[in-house]
Amino acid sequence: LGGRPAQLAEPATQLLPGPFDVHASECFMEAYGAMAAHAGLSLAEAVCLRYDMLDAKLDNADLECDSDDSTLEVSFSKVSSELAMFGDGPPSNLPRGSAERVRWFEHWLQQLRPLESSLGTTLDGLLHAELEALRKVHVAPLEDVRAAVEAHSTLEWGDHLEEACGQEGFLMAEDDSDGTVQVRFCSDLIAWLPSSCVLEQK
């Protein structure tokens, strides 16, 4: 009433949220959300609480900036770095603890996911296009590749090479000086192999 912003109910369990990483995986987001739910909060409420904790720490660090204690400088740097990912942060006219302030963080979180998804799709597309522009090759069977590698003066056999045997890949580089080629596979494996074991696809 009286035009005051709606206040959030105090959670049954007090939550002291840990560091939040805007570039973290979906698993991190789910774990952070589960931590918040355990205290009766949403993900946005937990992130809002974390932001307010950092903002308060930064204010205290400013007050103590004349101290010679190097630990304060480290703390100030860490807090500033984490706060930076929120950009300008919520508007100053949204009071701490208000539902309007939490809605700002809900919107901020919603903007993150499409951006990360778009970046991932773009990078995957660029990588796929880059590989398609390379020459496709086929690697000989395991027995032939292992024998050729063990007989080579500079190559050394490793179990990871088994994954490359009999597979198709993309020719990345050739070294005529020792008769080897570098091949990249869709599994993200990159290996140097004897050129005699790698045939170009027509």
Side-chain angles (χ1 to χ4, degrees), residues 1-65 70-134 163 170 172 184-190:
L1 296 177
R4 294 182 62 185
Q7 298 292 313
L8 299 175
E10 289 292 328
T13 302
Q14 184 179 13
L15 176 68
L16 297 176
F20 186 79
D21 186 357
V22 69
H23 302 297
S25 65
E26 193 66 35
C27 291
F28 174 88
M29 294 293 186
E30 291 177 0
Y32 210 93
M35 171 194 68
H38 184 69
L41 299 174
S42 68
L43 175 60
E45 288 172 327
V47 174
C48 178
L49 184 57
R50 176 64 184 176
Y51 176 90
D52 290 341
M53 288 173 56
L54 292 171
D55 198 33
K57 284 185 178 181
L58 194 63
D59 288 342
N60 291 336
D62 285 338
L63 293 175
E64 298 169 342
C65 63
S70 61
T71 60
L72 291 176
E73 295 180 7
V74 173
S75 177
F76 182 86
S77 176
K78 288 182 177 180
V79 170
S80 298
S81 296
E82 190 174 347
L83 276 175
M85 69 181 175
F86 294 99
D88 294 333
S92 58
N93 64 339
L94 301 181
R96 292 183 180 181
S98 68
E100 291 82 359
R101 190 176 180 88
V102 172
R103 276 196 290 272
W104 185 92
F105 284 94
E106 288 176 350
H107 181 66
W108 181 79
L109 286 168
Q110 289 170 0
Q111 288 181 314
L112 288 182
R113 309 321 294 173
L115 175 59
E116 290 184 2
S117 176
S118 174
L119 286 175
T121 301
T122 301
L123 291 174
D124 288 344
L126 289 173
L127 177 59
H128 180 73
E130 179 184 343
L131 292 179
E132 285 297 318
L134 299 173
E163 185 181 343
F170 301 90
M172 304 289 291
R184 177 166 187 162
F185 301 88
C186 291
S187 61
D188 286 338
L189 170 67
I190 300 177

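Ring pair Phe20/Tyr32 is perpendicular by interplanar angle, where above 60° counts as perpendicular and below 30° as parallel. Ring-plane geometry between Trp108 and Trp104 is classed as parallel, the angle between the planes falling under 30 degrees on a 0 to 90 degree scale with a further cut at 60.
Between the CG atom of Leu109 and the CE atom of Met29 there is a distance of 6.5 Å, given to the nearest 0.5 Å. Rounding to the nearest 0.5 Å gives a distance of 11.0 Å between CZ of Phe105 and CG of Leu43. Annotation: the span from Arg101 atom CZ to Glu45 atom CD amounts to 13.0 Å, rounded to 0.5 Å.
When all heavy atoms of Glu163 and Leu189 are compared, the pair lying nearest together is CB-CD2, 4.1 Å. Between Cys48 and Val102, the closest heavy-atom pair is SG-CG2, 4.3 Å. Between Asp55 and Arg96, the closest heavy-atom pair is OD2-NH2, 2.9 Å. Nearest approach of Asp88 to Tyr51, heavy atoms of both residues: O-OH, 4.3 Å.
Pairs passing the salt bridge (charged side-chain N to carboxylate O under 4.0 Å, His left out) check and including a residue from residues 31-42, sequence neighbours excluded, do not occur.
Under the 3.5 Å distance criterion, the side-chain polar atoms of Arg50 are matched with a main-chain donor or acceptor of Pro17.
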